[in-house]
Amino acid sequence: MENILKEVHKVRAGENGERILESVFNKYSFPFEHYILHDLNLQSSGKFQIDTLFLSSQGAVILEVKNIAGRIEFPQDQNQLIRVLENGQVDAFECPSVQLERNMILLKDWLFAKGYSIPVRGAVVFPRPQQNFENVRKNLTLLFPYEIPVYLRKHKETSPSLDSKTLNAVAKDLLYDHRRYNPFPLTKSYNIQPSELVPGVRCENCGTHGMQTIHSGWGCKSCGYIDKFAHIQAFLEYCMLIDFQFTNSDIRSFFRTDNKDRVSRMLKYLEIPSTGKNRGVKYSVGLSDLERLYEMQKGNLK
């Protein structure tokens with residue numbers, strides 16, 4: 001659980017940092033042809049994710065965001081970043097130079113496989129201008145958000161490596177090869193056994209698991225709350241936690257209900273794709289299905 005909470009804090013910090021970076025590009029414009037691609041997920045000789053990629057005729061610039069609070073130290077004999085908080089807490093992270101170099105290599109491999117030969121540069125962005133750094137590595141470019149436009153404009157002073165047609169082709173190929181990040185199911189991502197989860201339809205009112213089917217939807221024995229659409233959230237939780245593929249029996253077990261026909265009607269109502277017939281029916285969803293159901297749930301809550 002502690003590892004999961006750390007990962008949640010890490011993801012939230014990363015999202016906040018990326019929003020800050022996006023706001024920079026919303027405020028500043030560049031008087032030359034360019035492309036800005038956020039949150040790219042690609043694969044070449046390995047899978048890699050780029051926070052922001054800036055493309056221009058001078059080449060590609062990778063910008064990696066590190067939203068880490070505290071005083072930052074770079075030990076000379078280790079590939080680590082040491083963070084020291086005001087309360088004295090000390091934490092160690094992988095040095096951003098390692099991740100940046102890895103992403104630059106993997107992007108070069110991707111470009112080579114596509115037949116492109118262009119310069120690839122990189123910098124690490126720290127969102128807090130008041131941050132203190134010690135022993136910054138010579139091969140690592142650190143930027144604060146307001147320094148990004150100046151840094152990118154300086155590259156315009158170098159000789160161009162791409163004509164407009166090639167630049168456009170690189171951007172299109174990047175978007176075509178981009179694959180949406182999918183962390184689900186979380187039990188597999190975090191090596192959790194499904195048996196460790198608390199099954200049952202969760203009550204939105206009191207948080208108790210184990211709502212029961214009633215004529216008007218789902219009823220909570222703990223607080224008496226009635227929810228007509230509680231199964232939508234429960235179904236989303238099953239997919240995000242356990243699996244994208246399942247049977248009627250799998251859902252009944254997670255919902256803690258024996259009503260096979262009701263579950264079949266629910267899956268049909270939710271328009272869940274299926275294959276097979278009778279007892280051989282199997283269901284499968286994708287991220288787009290989860291997004292659709294999430295929007296359906298939000299509409300029902302209004």
Side-chain angles (χ1 to χ4, degrees), residues 14-15 17-68 72 74 79 81 94-127 129 133 136-181:
E15 290 177 347
E18 289 171 15
R19 280 196 290 268
I20 292 173
L21 201 152
E22 288 182 14
S23 69
V24 170
F25 289 107
N26 289 333
K27 292 178 182 178
Y28 294 90
S29 60
F30 299 88
F32 51 87
E33 186 178 11
H34 65 280
Y35 295 91
I36 302 170
L37 306 176
H38 295 293
D39 198 22
L40 272 178
N41 288 279
L42 301 168
Q43 180 167 357
S44 55
S45 49
K47 292 183 179 180
F48 61 111
Q49 184 270 337
I50 295 175
D51 290 342
T52 295
L53 185 68
F54 186 89
L55 284 174
S56 70
S57 59
Q58 276 63 37
V61 179
I62 296 175
L63 297 174
E64 295 293 339
V65 181
K66 293 298 176 186
N67 192 12
I68 304 175
I72 305 298
F74 294 88
N79 281 324
L81 176 156
E94 178 186 62
C95 181
S97 64
V98 177
Q99 179 186 356
L100 186 60
E101 183 177 1
R102 180 169 61 240
N103 281 352
M104 290 172 64
I105 291 172
L106 291 172
L107 179 59
K108 289 177 181 178
D109 289 346
W110 182 91
L111 291 166
F112 178 80
K114 296 292 183 181
Y116 301 118
S117 178
I118 65 176
V120 176
R121 305 174 181 88
V124 176
V125 180
F126 281 83
F133 299 98
V136 178
R137 303 189 175 204
K138 294 181 179 179
N139 64 338
L140 179 61
T141 300
L142 296 182
L143 300 174
F144 294 124
Y146 62 81
E147 296 178 305
I148 294 174
V150 175
Y151 174 76
L152 295 175
R153 282 173 181 265
K154 282 184 178 180
H155 288 298
K156 188 61 180 174
E157 301 171 2
T158 62
S159 300
S161 302
L162 303 171
D163 56 30
S164 180
K165 182 178 179 180
T166 306
L167 176 61
N168 182 265
V170 173
K172 285 185 176 180
D173 282 343
L174 284 166
L175 290 174
Y176 182 81
D177 278 8
H178 166 70
R179 293 295 178 264
R180 297 174 62 192
Y181 175 62

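All heavy atoms count here, side chains included; hydrogens, waters and symmetry mates do not.
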Table please: side-chain donor-acceptor pairs of residues 138-154 below 3.5 Å, with sequence neighbours left out.
from, atom 1, to, atom 2, distance (Å)
E147, OE1, F144, N, 2.7
R153, NH2, S29, O, 2.9

Throw together a table of side-chain donor-acceptor distances under 3.5 angstrom for residues 103-112, partners on residues two or more places apart or in other chains.
from, atom 1, to, atom 2, distance (Å)
N103, ND2, Q49, O, 3.0
N103, ND2, E64, OE2, 2.9
D109, OD2, S45, OG, 2.7
W110, NE1, D177, OD2, 2.9

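Side-chain contact between I72 and L81 is present, with heavy atoms from C-beta onward closer than 4.5 Å. Side chains of S164 and E33 form a contact here, defined as non-hydrogen atoms less than 4.5 Å apart. Side-chain contact between Y35 and N168: present, with at least one pair of heavy atoms (C-beta onward) separated by less than 4.5 Å. Under the 4.5 Å side-chain criterion, counting only non-hydrogen atoms from C-beta, H38 is in contact with F25. F74 is listed as a side-chain neighbour of C95, based on a closest heavy-atom distance under 4.5 Å.
Not a single salt bridge (charged side-chain N to carboxylate O under 4.0 Å, His left out) links R179 to another residue, sequence neighbours left out. Applying the side chain to side chain contact (heavy atoms under 4.5 Å, CB included) rule to A169 yields the partners Y116; only residues at least two apart in sequence or on another chain are considered. Considering only residues two or more places apart in sequence or on other chains, T158 meets the side chain to side chain contact (heavy atoms under 4.5 Å, CB included) condition with Q58, R121.
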Evaluation steps, side chain to side chain contact (heavy atoms under 4.5 Å, CB included), between I36 and T52 = CA-CA 7 Å; I36 302 170; T52 295; 4.0 Å; yes
Exercise. Give the intermediate values and the outcome of side-chain hydrogen bond (donor to acceptor under 3.5 Å, both in side chains) for residues D163 and T166.
Key: CA-CA 5 Å; D163 56 30; T166 306; 2.7 Å; yes
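Of all non-hydrogen atoms in Q43 and F48, the two that sit nearest each other are N-CE2, 4.0 Å. Across L40 and L174, no two heavy atoms sit closer than the pair CD2-O, 4.2 Å. Across every non-hydrogen atom of V124 and P96, the tightest pair is CG2-CB, 3.7 Å. The shortest non-hydrogen separation linking L167 to S56 is CD1-O, 3.6 Å. In terms of heavy atoms, A60 sits closest to L53 at CB-CD1, 4.0 Å.
For the atom pair CG (D51) and NZ (K66), the distance works out to 7.0 Å, reported to the nearest 0.5 Å.
Atom NZ of K172 sits in a sparse spot, with 12 or fewer heavy atoms from other residues, nucleotides or ligands closer than 6.0 Å.
Screening residues 96-107 for salt bridge (Lys or Arg N to Asp or Glu O under 4.0 Å) gives E94-R102 as the qualifying pairs, with residues at least two apart or on separate chains.
For H34 (side chain) and L55 (main-chain N/O), no donor-acceptor pair under 3.5 Å exists by modelled atom type.
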